[in-house]
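Here the structure is laid out as structure tokens; the discussion comes afterwards.
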Amino acid sequence: MVVPPHLHATPCPPSSSSLHQHRWHAFRLLSSSQQLPLLRLRLLSPAFSKKAGKIDAWRVGGLRESRSNNVCFYVNSRRINIACEAANEVKPTCNMIVSITGATGFIGTRLVERLASDGHRVRVLTRSASTARSLFPVKQYPGVEIVEESDWVSCIHGSTAVVNLAGTPISTRWSPEIKDDIMRSRVGVTTKVVEAINAAPKDLMPSVFVSATAVGFYGTSQTHVFDESSPAGKDYLAEVCREWESTAEKVDCHVRLVLIRIGIVLDKDGGALAKMIPLFKIFAGGPAGSGKQWFSWVHRDDLVSLIVEALSNPSYKEREIGMRLTILNTRTCYQGVVNGTAPHPVRLAELCDQLGAILGRPSWLSIPDFFVQAVFGEGSYVVICGFNVLEGQCVLPRKALELGFMFKYRYLADALKAILS
């Protein structure tokens with residue numbers, strides 16, 4: 001494969017290990033919202049010119065190992081992207097202090113593990129110190145500080161970044177009290193965090209605030225495709241997401257704000273799969289309703305990587321990702337939305353078929369619409385971890401792809417095999 005001579009490259013960051021293999025992926029950009037994997041390359045001996053790291057040619061089919069930190073390159077153009085997998089394993093040279101709400105949850109625990117392993121200091125903002133310490137013991141997590149609610153403000157002050165993942169689970173039958181708690185737990189915690197950030201002296205104010213929201217923002221549809229430019233829906237979950245996001249947007253304009261609208265998160269020890277796998281194992285698995293509902297999923301590791309990227313990459317801000325630019329008191333607000341979903345959503349029937357095939361179980365037991373509605377009422381919207389069982393939505397991560405984020409699990413089959421192997 002010969003890379004066109006007009007392409008230029010910049011060296012990847014120094015590797016965390018002195019010796020690693022460089023495996024290369026090539027992608028052709030089909031549109032602004034889709035990339036198609038073409039081939040996997042192994043680098044034998046790249047020929048580099050001496051002019052600004054220009055790549056003249058590639059030899060395919062071999063393997064290169066090197067102790068040099070500057071032998072692998074990112075190549076960017078309108079047609080081809082080539083990136084080294086090992087770059088995803090690089091530990092950053094500048095450590096952060098990250099305060100996290102919701103750190104004891106399904107996503108938060110993996111995020112804490114990732115940040116701690118990368119050498120960052122983590123402050124777990126929690127309402128249950130005993131639960132947090134049981135998950136993050138001092139011996140195993142020496143860089144993790146457990147902070148009770150009374151000390152949240154002082155710990156947010158002086159943090160490099162804040163991540164807000166807090167919220168009451170919504171996979172239950174809704175009552176007026178439950179619906180009130182769903183809204184209050186998200187808006188209330190976000191308000192507390194935003195007020196703490198805004199009250200910080202300028203020299204102690206976090207530089208970035210990443211706040212979770214959900215793909216429920218878009219409402220539901222079996223026919224429409226949603227991306228970050230799509231308008232809000234009109235159902236209850238869309239209302240919750242609008243309030244959730246508008247609260248986060250009140251953060252000081254000097255703080256870079258990233259809102260991540262999260263899809264259905266997959267991994268083996270929580271989320272949707274933890275509810276579905278036991279049913280399949282007793283031969284009771286299958287789609288609810290018609291099975292034509294869209295299932296916009298993301299592997300937990302990819303979501304965590306996206307959050308880490310949003311924390312450390314200043315490109316995840318208003319001007320680069322195309323959201324509206326807000327001017328308050330003549331100051332520019334850097335804020336924007338990124339969908340936390342995989343590039344290839346599937347229908348619910350396809351998910352059940354693939355899950356059954358991997359588990360060696362049939363996917364034959366379809367649950368009628370009327371049964372789901374009778375059992376869960378309005379909560380049938382979210383019987384599986386925020387997923388609207390009877391309708392769903394097709395959500396694409398257009399902004400993440402445009403910013404060059406490399407999904408490890410682009411296709412459901414690969415994600416399920418990795419999770420269940």
Side-chain angles (χ1 to χ4, degrees), residues 13 90-103 108 111-112 114-127 129 132 136 138 141-166 187-213 244-260 304 306-321 323-338 403:
V90 173
K91 291 187 177 181
T93 56
C94 183
N95 292 341
M96 297 182 289
I97 303 173
V98 185
S99 292
I100 306 174
T101 67
L111 177 62
V112 172
R114 168 70 181 275
L115 291 171
S117 68
D118 285 349
H120 301 295
R121 291 175 56 192
V122 179
R123 294 171 175 174
V124 173
L125 309 184
T126 182
R127 290 171 172 167
F136 309 113
V138 175
Y141 296 93
V144 174
E145 180 182 356
I146 307 300
V147 183
E148 297 195 69
E149 190 169 7
S150 59
D151 296 321
W152 284 14
V153 173
S154 61
C155 281
I156 287 174
H157 294 182
S159 294
T160 311
V162 178
V163 179
N164 178 34
L165 300 173
V187 175
V189 172
T190 304
T191 298
K192 185 177 181 68
V193 171
V194 167
E195 289 177 349
I197 293 173
N198 292 348
K202 295 303 180 184
D203 59 334
L204 296 178
M205 183 175 287
S207 60
V208 57
F209 177 37
V210 176
S211 192
T213 172
W244 201 358
E245 293 184 12
S246 65
T247 302
E249 288 169 352
K250 295 175 183 177
V251 74
D252 188 282
C253 277
H254 293 98
V255 177
R256 181 168 58 88
L257 170 64
V258 183
L259 301 171
I260 299 184
V304 166
L306 183 63
I307 294 172
V308 172
E309 183 73 5
L311 287 172
S312 59
N313 187 345
S315 293
Y316 284 71
K317 64 184 180 183
E318 168 56 357
R319 287 177 175 172
E320 272 70 17
I321 64 178
M323 297 300 296
R324 67 183 183 278
L325 188 64
T326 305
I327 305 295
L328 295 178
N329 299 326
T330 70
R331 294 174 297 177
T332 301
C333 289
Y334 294 104
Q335 61 188 41
V337 175
V338 180
L403 288 167

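Predicted, not measured: the structure shown is a model, and the values here were computed from it. Numbers here simply count residues along the sequence, with the first being 1.
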**Item:** Heavy-atom side-chain proximity of I260 to L306 below 4.5 angstrom
**Value:** yes
**Message:** Show the nearest heavy-atom pair for residues A161 and L311, with the distance to one decimal.
**Reply:** CB-CD2, 3.6 Å
**Item:** Polar side-chain atom of D118 near backbone of H120 as donor-acceptor pair, under 3.5 Å
**Value:** no
**Message:** If we check side chain to side chain contact (heavy atoms under 4.5 Å, CB included) with V163, which of these qualifies: V122, L111, L115, L125?
**Reply:** L111
**Closest heavy-atom pair and its distance - A103, V112** = CB-CG2, 3.8 Å
**Message:** How long is the straight-line distance from CE of M96 back to OG of S159, given to the nearest 0.5 Å?
**Reply:** 11.0 Å
**Prompt:** So do the side chains of V258 and S211 get within less than 4.5 Å of each other, counting heavy atoms only?
**Reply:** no
**Prompt:** Which heavy atom in L165 sits nearest to a heavy atom in G108, and how many Å separate them?
**Reply:** CD1-CA, 3.7 Å
**Message:** Quick check: do M205 and D252 have side-chain heavy atoms less than 4.5 Å from each other?
**Reply:** yes
**Item:** Polar contact flag, side-chain donor to acceptor under 3.5 angstrom, T190-T247
**Value:** no
**Prompt:** Where do I100 and R123 land on the side-chain contact (heavy atoms from CB on, under 4.5 Å) test, with the steps shown first?
**Reply:** CA-CA 6 Å; I100 306 174; R123 294 171 175 174; over 6 Å; no
**Message:** So L259 and V338, do their side chains get closer than 4.5 Å, heavy atoms only?
**Reply:** no
**Fill in**
Between T101 and A166, the two heavy atoms sitting closest are OG1-N, 3.6 Å
**Fill in**
Output for pair (F209 CZ, S99 OG), nearest 0.5 Å, gives 11.0 Å
**Message:** Quick check: do R121 and N95 have side-chain heavy atoms less than 4.5 Å from each other?
**Reply:** no
**Item:** Heavy-atom pair of closest approach, residues A132 and V124
**Value:** CB-CG1, 4.1 Å
**Prompt:** Taking atom CG of N198 and atom NZ of K250, what is their separation to the nearest 0.5 Å?
**Reply:** 10.5 Å
Donor-acceptor pairs under 3.5 angstrom involving side-chain atoms of residues 143-156: please list them, not counting sequence neighbours.
unit_1 : atom_1 : unit_2 : atom_2 : d
E149   : OE1    : R127   : NE     : 3.3
W152   : NE1    : T126   : O      : 3.4
W152   : NE1    : V147   : O      : 3.4
S154   : OG     : D151   : O      : 3.0

**Under 3.5 Å: donor-acceptor pair, side chain of R256, backbone of A310** = yes
**Request:** Look at the side chain of H254 and the backbone N and O of S207, then say whether any donor-acceptor pair between them is shorter than 3.5 Å.
**Result:** no
**Fill in**
Minimal heavy-atom distance between G158 and I97, with the atoms involved, is O-CD1, 3.9 Å
**Message:** Just so I know, are the side chains of W244 and N164 near enough to count as touching, which here means a heavy-atom distance under 4.5 Å?
**Reply:** yes
